[in-house]
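What you see is a predicted model, and the numbers here were worked out from it, not measured in a lab.
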Amino acid sequence: IVLEATYGCRPSDTPTDSELARFREILGETVSEGGTAWIPAFAVDRTQKVLHQVRIAQREGLVPTGIPIIVPSPTAGAATAVYDQLRSDPYFRESWASDPSNLKPPGYTEEFDIEDPPTGPAILITTSGMMDSAFSNRLLPQLLASPEVAVLLVGYQDPFSTGGRLEAGISNHDEDEPMVLKGPDQTEIRVNASIHRFRGFSGHATADQIDDWLARQDPDVTQVYLVHGEAAALDDRRNCLTEAGWRFVHVPGAGSRLLL
């Protein structure tokens, strides 16, 4: 069995409903004040989840339906089209699948001029999610410098990525001085935008969810290979499974080959 170990041994500890509600509140506050809510997001899955939350915010009256929702990534657009094609399949809840505007809320557009990003109330969802490439990286100088922009981080940020440095700066920088970040050409950007972090969008399984599934397997004979996690999380998960009686738990090294 090949298992992810993204969260190590941690059980579910993120109050998803309240986190998503907080996301919608900040989204609404930003656009109601005439600002741009900038959401760097992975093209597949994360962008579609964000669009769904935008639609909920519209229904709640937090986001006016006339606000443009700009999704310029061709990959994100193609992925959203696949989601739309599969809405009637049993992959989605009926309440979600029955409304196509959950994927393309009123105001949705893929038209975007990167040389002239939005300055009025708008929602902008761009790749890449860690802000190191594509639209997200190219927009850093224009958008991070603006106090009218709110950056809403909705995915994992590698500590060495642009998004990771922004995330770290939320708690580490002096509130009396703007954060300073290196841009695409290594010039310094004074970060006047507000930065917000949300942990309710993850699709990764937690340890307790995986353990529920593992309970149907035989710990005396099953070979378990742990992948997808920071080194500490992988070691933590291996130790927890070993202590729980799993005899064969492995953490393959990068590039290693396994005989199955």
Open item on the list: Arg55 vs Asp99, test: side chain to side chain contact (heavy atoms under 4.5 Å, CB included). Steps then yes/no.
Closed with: CA-CA 10 Å; Arg55 181 60 181 135; Asp99 185 357; 4.1 Å; yes
Task: Whether Glu33 side chain and Thr30 backbone form a donor-acceptor pair below 3.5 Å - done: no
Open item on the list: Connecting only ILVMFWY residues whose side-chain heavy atoms lie within less than 4.5 Å of each other, what is the rest of Leu214's hydrophobic cluster?
Closed with: Ile1, Leu3, Ile210, Trp213, Val224, Leu226, Leu234, Leu241, Trp246, Val249, Val251
Task: Side chain to side chain, Leu62 and Leu27, heavy atoms closer than 4.5 Å - done: no
Task: Single hit among Pro184, Pro117, Pro72, Pro40 for side-chain contact (heavy atoms from CB on, under 4.5 Å) with Leu139 - done: Pro117
TODO: Using atom types as modelled and distance alone, determine if a side-chain donor or acceptor of Gln157 lies under 3.5 Å from a backbone N or O of Gly155.
DONE: yes
TODO: Using ring pair (Phe, Tyr, Trp, His ring centres under 6.0 Å) as the criterion, list what pairs up with Tyr7, not counting sequence neighbours.
DONE: none
Task: Straight-line distance of Phe201 CZ to Lys49 NZ, nearest 0.5 Å - done: 9.0 Å
Task: Value rounded to 0.5 Å, distance of OH in Tyr83 from CG in Leu103 - done: 9.0 Å
Task: CD1 on Ile195 to CG on Leu166, rounded to 0.5 Å - done: 4.5 Å
Open item on the list: Using the rule that Ile, Leu, Val, Met, Phe, Trp and Tyr join whenever any side-chain heavy atoms are under 4.5 Å apart, tell me whether Leu181 and Ile39 fall into a single cluster.
Closed with: no
- [ ] Would you mind checking if Arg165 and Asp132 are paired as a salt bridge, meaning a charged N to carboxylate O distance below 4.0 Å?
- [x] no
TODO: Find out if a path of hydrophobic residues (ILVMFWY) with successive side-chain heavy-atom gaps under 4.5 Å connects Val44 to Val50.
DONE: no
TODO: Decide whether Leu152 and Val31 are clustered together by the hydrophobic rule: side chain heavy atoms of Ile, Leu, Val, Met, Phe, Trp, Tyr closer than 4.5 Å, transitively.
DONE: yes
Task: Matching residue for Val71 among Thr109, Thr47, Thr127 - test: side-chain contact (heavy atoms from CB on, under 4.5 Å) - done: Thr47
Open item on the list: Please check: side-chain N/O of Asp84 versus main-chain N/O of Thr80, any donor-acceptor pairing under 3.5 Å?
Closed with: no
TODO: Give, for atom CD1 of Ile125 and atom CD of Glu110, the distance between the pair rounded to the nearest 0.5 Å.
DONE: 11.0 Å
Task: Minimum heavy-atom distance between Ala233 and Thr6, given as atom pair plus value - done: CB-O, 4.0 Å
Open item on the list: Nearest 0.5 Å, please: how far is CE in Met179 from CD1 in Ile189?
Closed with: 11.5 Å
Task: Nearest heavy atoms of Thr36 and Thr119, plus distance in Å - done: OG1-C, 4.3 Å
TODO: Would you check, one step at a time, whether the test side chain to side chain contact (heavy atoms under 4.5 Å, CB included) holds for Thr206 with Arg10?
DONE: CA-CA 7 Å; Thr206 56; Arg10 285 195 290 120; over 6 Å; no
Task: Gap separating the CG atom of Leu124 from the CZ atom of Phe112, nearest 0.5 angstrom - done: 5.0 Å
TODO: Give every residue pair that meets the disulfide (SG to SG under 2.5 Å) criterion with at least one member in residues 28-81, sequence neighbours excluded.
DONE: none
Task: Ser128 side-chain N/O to Met131 backbone N/O, donor-acceptor pair under 3.5 Å - done: yes
Task: Side chain Gln53, main chain Gln48, donor-acceptor under 3.5 Å - done: no
TODO: Please list all pairs passing the ring pair (Phe, Tyr, Trp, His ring centres under 6.0 Å) test where one or both residues lie in residues 179-200, with sequence neighbours left out.
DONE: Phe23-Phe198
TODO: Start with the C-alpha gap between Asp211 and Arg237, add the side-chain angles, then the distance that decides, and say whether salt bridge (Lys or Arg N to Asp or Glu O under 4.0 Å) holds.
DONE: CA-CA 11 Å; Asp211 287 343; Arg237 189 67 171 127; 2.8 Å; yes
TODO: State, to 0.1 Å, how close Thr75 and Ala43 come at their nearest heavy-atom pair, and which atoms those are.
DONE: CG2-CB, 3.8 Å
Open item on the list: Between Leu258 and Pro252, is there a side-chain heavy-atom distance shorter than 4.5 Å?
Closed with: yes
Open item on the list: Applying a strict under-4.5 Å side-chain criterion to I, L, V, M, F, W and Y, I'd like to know whether Trp38 and Leu51 cluster together.
Closed with: no
Task: By ring pair (Phe, Tyr, Trp, His ring centres under 6.0 Å) - contacts of His52 (at least two apart) - done: Trp96
Open item on the list: On a heavy-atom basis, which atom in Arg87 and which in Pro100 lie closest, and how many Å separate them?
Closed with: NH2-CB, 3.6 Å
TODO: State whether a side-chain donor-acceptor pair under 3.5 Å links Thr126 with Ser136.
DONE: yes
Task: Greater than 12 external heavy atoms within 6.0 Å of Gln142's CD - done: yes
TODO: Please report the closest heavy-atom contact between Gly200 and Leu20, naming both atoms and the distance.
DONE: O-CD2, 3.8 Å
TODO: Output yes when a side-chain donor or acceptor of Glu4 lies under 3.5 Å from a complementary backbone atom of His204, and no otherwise.
DONE: no
- [ ] For side chain to side chain contact (heavy atoms under 4.5 Å, CB included), just list the numbers for Phe92 and Leu86, CA-CA rounded to whole Å, side-chain angles, deciding distance to a tenth of an Å, and then say yes or no.
- [x] CA-CA 8 Å; Phe92 303 109; Leu86 297 176; 4.3 Å; yes
- [ ] Return yes if some donor-acceptor pair links the side-chain N/O of Glu111 with the main-chain N/O of Ile70 below 3.5 Å, else return no.
- [x] no
- [ ] Count the heavy atoms of every other residue, nucleotide or ligand shown that sit under 6.0 Å from CZ of Arg138, and state whether that count exceeds 12.
- [x] no
Open item on the list: For a quick test of reading the model, state the closest non-hydrogen atom pair linking Pro106 to Gln58 and the distance between them.
Closed with: O-NE2, 2.9 Å
TODO: Give the cluster check for Ile123 versus Val154: same hydrophobic cluster or not, with ILVMFWY residues linked at side-chain heavy-atom distances below 4.5 Å.
DONE: yes
TODO: Using atom types as modelled and distance alone, determine if a side-chain donor or acceptor of Ser146 lies under 3.5 Å from a backbone N or O of Leu143.
DONE: no
Task: Ion pair check, Arg199 and Glu19, cut-off under 4.0 Å - done: no
Open item on the list: side chain to side chain contact (heavy atoms under 4.5 Å, CB included), that's the test. Do Tyr108 and Val54 meet it? Break it down for me.
Closed with: CA-CA 10 Å; Tyr108 177 94; Val54 171; over 6 Å; no
TODO: Tell me who clusters with Tyr156, hydrophobic residues only, linked when side chains sit under 4.5 Å apart either directly or through other members.
DONE: Phe42, Met130
